Student: 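The structure under discussion is supplied below as structure tokens; questions concerning it will follow.
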Amino acid sequence: MEEESAVELLQRYRRDRRILLDFILSGSLIKKVVMPPGAVTLDDVDLDQVSIDYVLSCIKKGGTLELSEAIRDYHDHTGLPQMNSGDSAGEFFLVTNPEFSGSPPRRAPPPIPDSISMPTPSAPVFAPSPVVSTVSRSESFDSTQVQELTVDDIEDFEDDDDLEEVNSLKISRRNPNDVGDLMLKLPSFATGITDDDLRETAYEILLACAGASGGLIVPSREKKKDKRSKLMKKLGRSKNENIVAQSQNASGLVGLLETMRVQMEISEAMDIRTRQGLLNALSGKVGKRMDTLLIPLELLCCISRTEFSDKKAYIRWQKRQLNMLAEGLVNHPAVGFGESGRKTSEFRILLAKVEESEAFPPSTGEVQRTESLKSLRDIALPLAERPARGDLTGEVCHWADGYHLNVGLYEKLLVSVFDVLDEGKLTEEVEEILELLKSTWRVLGITETIHYTCYAWILFRQYVITSEQGILRHAIDQLKKIPLKEQRGPQERLHLKSLHVRVDGEEGSRDVSFLQSFLSPIQKWADKQLGDYHLNFAEGSMVMEDIVTVAMIVRRLLLEESDIPVQSSTVSDRDQIELYISSSVKNSFARILQAVDKSDTMDEHPLALLAEEVKKLLKKDSTMFMPILCRRHPHATIVSASLLHKFYGNKLKPFVDSAEHLTEDVVSVFPAADNLEQYILDLIKSACEGENVEIHFRKLNPYQIESVSGTVVMRWINSQLGRIVGWVERTLQQERWDPISPQQRHGSSIVEVYRIVEETVDQFFGIKVPMRLTELNALFRGIDNAFQVYANHIVDNLASKDDLIPPLPVLTRYRREAGIKAFVKKELFDSRLPDQRRSININVLTTPTLCVQLNTLYYAINQLNKLEDSIWEHWTRKMPIEKIYIRKSMDDKSKCSTQKGTFDGSRKDINAAIDRIREFTGTKIIFWDLREPFIENLYKPSVSQSRLEAVIEPLDVELNQLCDIIVEPLRDRVVTSLLQASLAYSGFC
């Protein structure tokens, strides 16, 4: 490809504006720009350092700036040498400061939307464009003359058909957030005027209002030459570099207007044309203020085609002015037509004639245009100067103050408060800009309420775009400044009441007032965010607090606007907060449920995992969100906790109803569900703050976990207790009643019984399901019964004590009963009868066996106290404090009564068994083991031979044997029984 100048290359790119836009929006500002005498390529503009929107504005503001000269200025600005060799075409320069940029960019360029095709840099093939037919011969693409590229030429790229597409691309690049919900509830304009049309007209109104105060000056055209390096300087500017804009050097109204021009992206050429046209329109009108001019009509009359370098740009400019006249005076008039209504059709015809004049030859077209504009003036001025809102005829020109055209224009003025390079911040001149915009209120019909409402909406929309909380705080301040009905004057109330439009929505066509048009989108967006605050404000609660404030302020204003009587704003706020909580909790629970369903966790039942996740949600809710919502609704925590209790309960109920046995799923789900329910009850109790918590508890549908788990556990307890009794009987059958060791002088059976009991207790407390005292009492009763069976089984094997005592001897000490009996019944007693009368089925145990049994029973009752204490200790650790506290009135009495009579039955039976064996042992030793020394030797011989010395030695042997085996705590009691038996025998004798 032969070398071309920068202008020639760009002119070639004009054949398809899409290519240039693709290059700009994708990061490649200028590609293969070859300039004589050398070759330089600018490529890969670092988008982190340069805003593409700012690049676009700089290109527009450059006027007749040649890109080739801009490149030379860039060399001068950066200090880089110009390349004079033709071999350097492959080199490039980054439009950034290398010291701050670091290494060259390695990342891929930003993705291009599917609707835009990215051309290849080499030898592109361009389709013919209809723009060629509108270009004059002097601007032919085949011309060898190097023509300066003006701002009008660049504007040629902005075809009306693609304008909406370009705007959407710009928004998509700078704004990842969705602002669709913030679209104003206003109908579209019948003439199809665009945002750019509104922006340019708004700037013309601003200039006229500034001219009314004498601040309008037409800058010299030499000024443009001094700014030829402005493009590259701006391209090299970053947010961190302290470069003062040239417009900031000017002071006063002149400098502020220059700032506004830059902020509103108005080219210098257009600025100069408008200023000159307004000054020309005012000349000859003595006593006329510039802001009372019918601006579009005056500009049409004072600005000619020759001031535009391109016919298409002029046609587009004229079309905008005509559309503004139609919208301001016909479609959206500030004053009703009345008798002038018949002139509207004539007015539209004249507008069409002005537009059609461009299709005629220059001489014919100019005549028609002039005559049409004159007739148009005759109709338009009377319409525009009719009095409205209390003003006098001719005092205000009512062409731009009709609703909703006026708020559309005012919005374009207000957006200039944002910094061009950092859209999340307000410009430093924000206060001066707002003060300047007040001068337009008269022309646009803006009141204090309209201003604060529009400004609040613009700030809030900018917050949604940038997510800058500082902008949100400014929006809240403006919302708070919106006067309520009683704070507005009667004239303003009437004026606002008249501002309404009819829009078509999902609910059909309806009338929408001004405040509803601007505040309803804010309310819709805030409601949507707060309706899922768990998701939208997961990272922090500070923003949520501000959004809640916005929602409540807007709600109050809209409730007042709709004339719906409310008892108090607090009630309305509480109702709305409950809706937010209900919606967000429902959405969060649905997400948790979906995540649990998709999880591959095999170790835990889904309902148990769901309970854990719901508890986490409650903890986050109570610590992050509820402190904010409780300021508007004192019971917000109760509402949230109750909803989650209900949602989880609906999922849990089928499982609880089907639970019949103690399965792994039951052991997994029941504790998690009960733990969640207890946590919810605790949250509700803590949120009541001294109120009657039972009122809120009664509103809950309990999970009935304790009741169902109690039934399941009781089945398990009954089966285990049956097993324990069987083990007791088997161990007693195998018991030989030999001491385990000299130190452990009890039988092995009791050790085995306690091992089985303790295993059962450990299994009982190892069941991680909720339990009540009913199940614990059942366990106590079962263990108590097992020890009773054990003690009674030992006693049942004892012989009767009466079977051991022999019949009364013949010679004995006198007893009245015996004497009487002796006289009545002449019968001799035989001392050998007891042996004969003893049944062969009586198994008389030995003294060591009886001592081991006594030791065993004593061990049983002694360990029983330790077992009881251990069970109560386990129970205390198992039961949560909250559950004990909630059931305090019921459980304390039950626990007290249970502790007093836990093992009373087994204690009574064991003590009775010990006493019986003790008495049996003493009787057996005296009447059976020492039968011969006591009976045969002590009483049958003569009296002289019957001495106690004969029984002392065998009695001492028995006592030694007894004391060697019996445990010390029982020794005295057994010896006492022995002495009692011997005394009873002596008395018997």
Side-chain angles (χ1 to χ4, degrees), residues 526-552 555 569-596 607-653 672-703 705 880 882-883 886:
D527 288 349
K528 184 177 180 181
Q529 296 295 306
L530 294 174
D532 199 355
Y533 57 80
H534 290 92
L535 175 66
N536 298 320
F537 304 102
E539 300 301 326
S541 59
M542 295 299 295
V543 175
M544 177 182 170
E545 184 174 0
D546 290 338
I547 296 299
V548 171
T549 302
V550 169
M552 294 301 104
R555 177 179 175 79
S569 59
T570 304
V571 175
S572 300
D573 288 353
R574 291 182 62 169
D575 292 342
Q576 189 63 38
I577 293 298
E578 283 196 20
L579 290 176
Y580 293 151
I581 295 173
S582 176
S583 175
S584 186
V585 167
K586 183 178 180 180
N587 292 332
S588 298
F589 186 81
R591 283 192 295 271
I592 293 175
L593 192 62
Q594 186 178 11
V596 170
L607 283 173
L609 183 60
L610 180 62
E612 294 176 2
E613 294 300 321
V614 170
K615 187 175 181 180
K616 291 179 182 178
L617 178 64
L618 276 169
K619 289 181 178 179
K620 183 177 182 180
D621 205 32
S622 59
T623 56
M624 182 178 294
F625 304 121
M626 288 304 108
I628 298 172
L629 298 178
C630 282
R631 297 170 189 169
R632 310 276 179 176
H633 194 319
H635 292 162
T637 302
I638 299 175
V639 174
S640 174
S642 300
L643 282 172
L644 284 173
H645 183 275
K646 176 184 176 182
F647 292 154
Y648 182 78
N650 293 337
K651 297 295 179 182
L652 178 68
K653 191 176 187 304
D674 185 67
N675 189 20
L676 173 63
E677 186 172 41
Q678 292 303 316
Y679 183 76
I680 291 174
L681 294 177
D682 180 66
L683 278 179
I684 295 176
K685 178 179 176 297
S686 61
C688 285
E689 297 180 355
E691 298 180 15
N692 190 0
V693 67
E694 295 298 331
I695 297 176
H696 301 287
F697 284 171
R698 282 196 292 268
K699 296 179 181 179
L700 300 177
N701 188 15
Y703 295 160
I705 295 295
E882 297 86 352
K883 186 176 290 188
I886 292 173

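A quick note: this is a predicted structure, and the numbers were derived from the prediction, not measured.
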Student: Treating Thr637 as the side-chain partner and Met626 as the backbone partner, does any N or O pair qualify as donor plus acceptor under 3.5 Å?
Tutor: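 No; zero donor-acceptor contacts below 3.5 Å.
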
Student: Stepwise, does the side chain to side chain contact (heavy atoms under 4.5 Å, CB included) test hold for Ile547 with Phe537?
Tutor: CA-CA 10 Å; Ile547 296 299; Phe537 304 102; 3.9 Å; yes

Student: Let's go through Leu618 and Leu676 carefully: what are the C-alpha distance in whole Å and the side-chain angles of both, what is the deciding distance for side chain to side chain contact (heavy atoms under 4.5 Å, CB included) to 0.1 Å, and is it a yes or a no?
Tutor: CA-CA 9 Å; Leu618 276 169; Leu676 173 63; 3.9 Å; yes

Student: Between Asp682 and Gln678, is there a donor-acceptor pair closer than 3.5 Å when you use the side chain of the first and the backbone of the second?
Tutor: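 Side chain of Asp682 to backbone of Gln678, a donor-acceptor pair under 3.5 Å: no, none is there.
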
Student: Could you check whether any side-chain N or O of Ser686 sits under 3.5 Å from a backbone N or O of Leu683, counting only pairs where one atom can act as donor and the other as acceptor?
Tutor: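 A pair under 3.5 Å: yes.
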
Student: Under 4.5 Å between any side-chain heavy atoms of Phe647 and Leu593, yes or no?
Tutor: no

Student: Find the distance between NZ (Lys615) and CD (Glu677) and round it off to the nearest 0.5 Å.
Tutor: 12.5 Å

Student: To the nearest 0.5 angstrom, please state how far the CD1 atom of Ile638 sits from the CD1 atom of Ile680.
Tutor: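 So the CD1 of Ile638 and the CD1 of Ile680 are separated by 12.5 Å.
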
Student: One thing to verify: whether Lys616 and Glu613 come together as a salt bridge, which I'm taking to mean a side-chain N less than 4.0 angstrom from a carboxylate O.
Tutor: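 Looking at Glu613 and Lys616, the cut-off is met.
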
Student: To the nearest 0.5 Å, what is the distance between CG (Leu652) and CD1 (Ile705)?
Tutor: 4.5 Å

Student: May I ask you to check whether over 12 heavy atoms, not counting those of Asn650, lie within 6.0 Å of atom CG?
Tutor: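 For Asn650, atom CG is crowded (more than 12 foreign heavy atoms under 6.0 Å).
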
Student: What pair of heavy atoms forms the shortest contact from Ala672 to Ala611, and how long is it?
Tutor: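 For Ala672 versus Ala611, the nearest heavy atoms are O-CB, 3.7 Å.
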
Student: Can you name the nearest heavy-atom pair linking Phe589 to Leu610, along with the distance?
Tutor: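 Taking every non-hydrogen atom into account, CZ-CD2, 4.1 Å.
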
Student: Work out which heavy atom in Ala551 is nearest to a heavy atom in Ala526; give both atom names and the distance.
Tutor: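 The answer is CB-CB, 4.0 Å.
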
Student: Is any side-chain heavy atom of Ser622 less than 4.5 Å from a side-chain heavy atom of Tyr679?
Tutor: yes

Student: Answer yes or no: is there a side-chain heavy-atom contact under 4.5 Å between Asp621 and His534?
Tutor: yes

Student: Looking at Gly531, is its backbone amide N or carbonyl O close enough to the side chain of Asn587 to form a donor-acceptor pair, meaning the two atoms are under 3.5 Å apart?
Tutor: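 A pair under 3.5 Å: yes.
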
Student: Could you state the interatomic distance from OH (Tyr703) to CG (Asp674), rounded to the nearest 0.5 Å?
Tutor: 10.0 Å

Student: Can you confirm whether His645 sits close enough to Val614 that some side-chain heavy atom of one is under 4.5 Å from a side-chain heavy atom of the other?
Tutor: no

Student: Is a donor on one side and an acceptor on the other found under 3.5 Å between the side chain of Tyr533 and the backbone of Val585?
Tutor: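 Not confirmed, Tyr533 side chain does not pair with Val585 backbone.
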
Student: Give the minimum heavy-atom separation between Arg632 and Arg574, together with the two atoms involved.
Tutor: O-CG, 3.4 Å

Student: Begin with the C-alpha distance, continue with both residues' side-chain angles, and end with the deciding distance and a verdict on side chain to side chain contact (heavy atoms under 4.5 Å, CB included) for Met544 and Leu629.
Tutor: CA-CA 10 Å; Met544 177 182 170; Leu629 298 178; 3.7 Å; yes

Student: To the nearest 0.5 Å, how far apart are CG in Asp532 and OG in Ser588?
Tutor: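 Going from the CG atom of Asp532 to the OG atom of Ser588 covers 5.5 Å.
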
Student: If you count every heavy atom of other residues, nucleotides or ligands that lies below 6.0 Å from Lys651 atom NZ, does the total exceed 12?
Tutor: no

Student: Would you say that Leu700 contacts Ser642 through its side chain, given a criterion of any heavy-atom pair below 4.5 Å between the two side chains?
Tutor: yes

Student: How close do Ser582 and Leu643 get, counting heavy atoms only, and between which atoms?
Tutor: CA-CD1, 3.5 Å

Student: In Å, rounded to the nearest 0.5 Å, how long is the span from CZ of Arg591 to CG of Leu617?
Tutor: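 Nearest 0.5 Å value for the CZ-CG distance: 9.0 Å.
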
Student: Where is the tightest heavy-atom contact between Asn536 and Gln529, given as atom of each residue plus distance?
Tutor: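 Closest pair (atom of Asn536, atom of Gln529, distance): ND2-O, 2.9 Å.
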
Student: Checking the side chain of Thr623 only, and the main-chain atoms of Lys619 only, is there a donor and an acceptor separated by less than 3.5 Å?
Tutor: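 Side chain of Thr623 to backbone of Lys619, a donor-acceptor pair under 3.5 Å: yes, one is there.
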
Student: Stepwise, does the side chain to side chain contact (heavy atoms under 4.5 Å, CB included) test hold for Glu545 with Val548?
Tutor: CA-CA 5 Å; Glu545 184 174 0; Val548 171; 5.8 Å; no

